[in-house]
Amino acid sequence: MGKQPMRHYRARRPEPKPVPQQPKASLSVRAVRYLAGFLILMVLFTLLSRAADSLTIPKVALAYPSKGTIDRKMTGFGKVEELSAQAVVTEPGLRVAGVAVKPGSVVEEGAPLFTLDGADIEEKLDAAREALRLQDMDLADRASRDSLTVQEREKAIERANEDYAAAKASGDREVERAAKALEEAKAKRAAAAAPKGELSALETACTQAGEALRLKEDELSRLQNEVEERSAQARRDAEAAGEDPDQWESAVREEYRPMLEQAAQEAETAQQKKTAADAALAAYTEAAAQIKLLDDEVEAARQSYERAVETRDNALRSAGRQVEDAGRPQAQDSSGERALMDRERQARQVERLEALLESGGVVRAPCSGTVTGVSVTVGVPTPDGTALLLAGEANGGIFTAQFSGELEKYLSPGDEAVIRLGSSQMPIEGLKLETVSVSAVDPSMLDVTVRPPEGALAVGTAAELEVRRKSREYPCLVPLSALHEDNGAYFLLVTREKMSVLGTELTAARLDVTVLEKNETMAAIDAGALNSGQGFLAASGKAVNVGDRVRLEAP
């Protein structure tokens with residue numbers, strides 16, 4: 001077959017159908033759609049704003065007041081001082097060979113204090129024995145001069161009789177003078193008029209008048225305080241309302257003026273009654289005092305008379321004994337007794353020197369204690385007096401500590417105290433303050449004393465004194481960390497609800513309070529400041545000021 005020519009065929013494509021067009025939405029439909037979208041965005045932005053706001057608003061916790069006491073613990077430092085010291089003495093003029101102690105040394109009973117030179121003791125002992133022998137010879141000579149001559153005896157009897165007669169004449173005159181004075185005093189007493197009225201009734205009237213005056217004055221004071229409080233509240237209310245505080249205060253004072261005038265008049269009337277009652281009592285008292293004075297004069301005159309009689313009798317008795325003594329064959333001479341006393345004194349010195357020589361010249365402590373003073377020196381003779389001062393344990397001691405003068409109102413005798421000696425020793429508890437006084441060295445400090453148990457502390461021991469004081473129980477205590485101060489005024493932060501465009505919000509508000517007492521951690525406030533069940537801001541993660549928005553922690 002021969003080639004056939006190729007034919008080309010063109011496929012016919014179908015014609016495309018026209019796409020139908022959507023009809024355009026109306027203007028109202030599109031407005032609704034736009035509004036819905038806007039509202040969705042507003043809700044979303046509101047949620048985001050609240051979430052961000054919640055992260056910046058301080059989160060706070062509320063606390064509530066409690067009951068309790070305001071305890072205080074005050075400390076001061078001091079040491080034990082001796083109440084009295086015992087003097088250690090020895091024979092004067094003996095040379096000191098050695099000293100075993102110094103001020104501040106603590107010694108036991110019988111411990112060596114200092115030593116005297118033995119050769120010097122022997123020399124002084126020989127001289128003392130020689131003086132004792134001379135005194136014995138002098139006493140023997142005096143024994144031979146004990147008789148009286150007949151002339152001396154007659155003269156003594158004559159003078160004794162003259163003295164007896166003179167004493168009798170003088171005594172009789174004094175008795176007569178005293179008897180006359182007694183009669184005159186009795187006559188004046190009989191002529192005096194008795195006081196008018198009855199003492200118990202007058203005293204009762206004075207007491208009742210005083211009590212009535214006190215009540216009227218208290219009522220007047222109460223009204224005055226109430227006016228001041230109402231006036232202050234009116235001013236605050238006027239300021240809060242944006243009005244004139246002086247006008248509101250004047251209205252309050254005008255309201256109370258009649259009551260104040262009446263209370264003042266009643267107080268003045270009560271004062272007049274009290275003055276009249278006092279005058280009546282004073283008149284009675286003066287008359288009674290005059291009667292008492294006259295009675296005292298009578299009694300004094302009676303006693304003078306009795307003394308005159310007694311003096312006359314004693315004088316006559318003494319003069320009669322002198323007459324009797326003059327008749328005795330004895331001489332009244334005390335020189336012999338004085339010589340005997342000197343001999344006994346010399347004998348005791350010999351005994352002391354012999355005891356010192358026997359002990360080897362060692363002077364020992366008479367008791368346990370602390371040496372507070374040494375007056376002997378090696379190589380120097382002992383003084384005529386105290387050689388050494390020893391504060392014995394039997395004398396005890398007083399612990400004196402210094403405290404700041406600002407604590408004076410919190411310290412008083414009888415408060416509980418503890419002496420602390422350090423971590424290695426047990427404290428001494430159960431002590432009571434004895435005295436609290438201004439320091440003589442530093443007027444800005446106080447000297448506070450306690451008495452430790454006998455033998456518990458040596459003189460000179462330094463320690464810390466801790467004083468504990470409890471106040472009365474307060475019904476409303478708050479932590480000191482929750483208390484704020486502004487120009488001397490104290491306040492707490494409380495929560496208040498406030499309406500805003502976002503709804504109800506909590507804000508911090510100021511609540512002024514009166515602080516009754518406080519210590520380092522707690523403060524007692526006026527119980528009427530907080531409403532029943534009302535809490536205050538006690539803790540916050542951020543600083544909170546008055547007017548700030550806050551949110552409460554979940555309980």
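Residue numbers start at 1 and run along the sequence shown.
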Count the heavy atoms of every other residue, nucleotide or ligand shown that sit under 6.0 Å from CZ of Arg321, and state whether that count exceeds 12. no

Counting heavy atoms not belonging to Lys216, are there more than 12 under 6.0 Å from its NZ? no

Review item, side-chain donor-acceptor pairs of residues 484-493, under 3.5 Å, at least two apart:
unit_1	atom_1	unit_2	atom_2	d
Asp486	OD2	Arg510	NH1	3.0
Tyr490	OH	Lys518	NZ	3.0

So, are Glu306 and Arg302 salt-bridged, with charged N and O less than 4.0 Å apart? no

Restricting to non-hydrogen atoms, name the atom on Glu108 and the atom on Ala365 that form the minimum distance, rounded to 0.1 Å. O-CB, 3.6 Å

Output for pair (Leu411 CG, Ser404 OG), nearest 0.5 Å, gives 9.5 Å

Going by atom types alone, do Asn314 and Arg317 pair a side-chain donor with an acceptor below 3.5 Å? yes

Here the pair of heavy atoms bringing Leu431 nearest to Arg451 is CD2-O, 3.8 Å

Inspect the contact between Arg307 and Glu310 and indicate whether a charged nitrogen and a carboxylate oxygen are less than 4.0 angstrom apart. no

Is the closest side-chain heavy-atom distance between Leu516 and Ile525 below 4.5 Å? no

Is it true that Asp415 and Lys432 have a side-chain N and a carboxylate O under 4.0 angstrom from each other? no

Heavy-atom pair with the smallest gap, counting every atom of Leu480 and Ala523: CD1-CB, 4.1 Å

Ion pair Glu517/Arg72, N-O distance below 4.0 Å: yes

Salt-bridge criterion met for Lys292 and Asp296 (N-O under 4.0 Å): yes

Separation of Leu340 CG from Asp138 CG (nearest 0.5 Å): 11.0 Å

Is the backbone of Ser200 close enough, under 3.5 Å, to the side chain of Thr204 for a donor and an acceptor to pair up by distance? yes

Are the charged groups of Asp218 and Arg222 less than 4.0 angstrom apart, N to O? no

Correct closest heavy-atom pair for Ala387 and Thr90 would be CB-CG2, 4.5 Å

When you look at CD of Glu416, are more than 12 heavy atoms from neighbouring residues, nucleotides or ligands closer to it than 6.0 Å? no

Is it the case that more than 12 heavy atoms not belonging to Glu408 sit under 6.0 Å from its CD atom? no

Can Glu354 and Arg352 be counted as an ion pair, charged N to O under 4.0 angstrom? no

